K.L.:
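Let me begin by handing over the structure; questions about it come next.
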Amino acid sequence: MERQTNQKGAVQAVIDAAHAPLLPQEILERSQRTVPNLGIATVYRHLKRMVDTKKVRVVNLSGQPPRYEAIGESHHHHHFQCTSCQRVFALHECPANLASIAPKGFTVERHELTLYGKCEGCA
Ligand SMILES: [Zn+2]
Ligand SMILES: [Zn+2]
């Protein structure tokens, strides 16, 4: 039981500390710093449970495997992906008037927006 809790705690701590969506492999590598014998199947199992209990959300960028990020207090936001190192960063602003570009008479319910470019380290 305690082992389970430690594994899950490690996975959750990694996601909470990241402040950006991570791939399961990245979550595994970071979690292994505290739980060295952690396996990828266990990471997936905890991720699924955390998605079900709304602690973590899935971030799907087109044509890429799903990433996971903490829901926590984070509100609606967007992401930036570096086309060089492939890392994904959270952006904390939203161009609020996006709905205004919809045709007259249309109602916008939601939007998705991802910026692509070079991160600070790769620019
Ligand atoms: Zn980069
Ligand atoms: Zn937005």
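Only a predicted model underlies this, so the values are computations on that prediction, with no experimental measurement involved. Start at 1 and go down the list; that is how both ligands and their atoms are numbered. The first residue of the sequence shown is numbered 1, and numbering continues consecutively from there.
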K.L.:
Rounded to the nearest 10 degrees, what's the angle SG of Cys122 makes with SG of Cys119 at the Zn ion (ligand 1)? Could you check?
P.N.:
100°
K.L.:
Measure from the side-chain N and O atoms of Ser31 to the backbone N and O of Ile27, and report whether any donor-acceptor pair falls under 3.5 Å.
P.N.:
yes
K.L.:
Is the gap between the ring centers of His76 and His92 under 6.0 Å?
P.N.:
no
K.L.:
In terms of hydrophobic clustering (I, L, V, M, F, W, Y; side-chain heavy atoms under 4.5 Å; direct or indirect links), are Ile40 and Leu47 co-clustered?
P.N.:
yes
K.L.:
Is Arg67 salt-bridged to Glu69, cutoff N-O under 4.0 Å?
P.N.:
no
K.L.:
Flag yes if more than 12 heavy atoms outside Tyr116 fall under 6.0 Å of its OH atom; otherwise flag no.
P.N.:
yes
K.L.:
Hey, which protein N/O/S atoms does the Zn ion (ligand 2) have under 2.8 Å?
P.N.:
His76 NE2, His78 NE2, Cys94 SG, His111 NE2
K.L.:
At the Zn ion (ligand 1), what's the angle from Cys85 SG to Cys82 SG, rounded to 10 degrees?
P.N.:
100°
K.L.:
Measuring from atom CD of Glu26 to atom OH of Tyr68, what distance do you get when rounded to the nearest 0.5 angstrom?
P.N.:
12.5 Å
K.L.:
With rounding to the nearest 0.5 Å, note down the distance linking CG in Leu61 to CD in Gln86.
P.N.:
10.5 Å
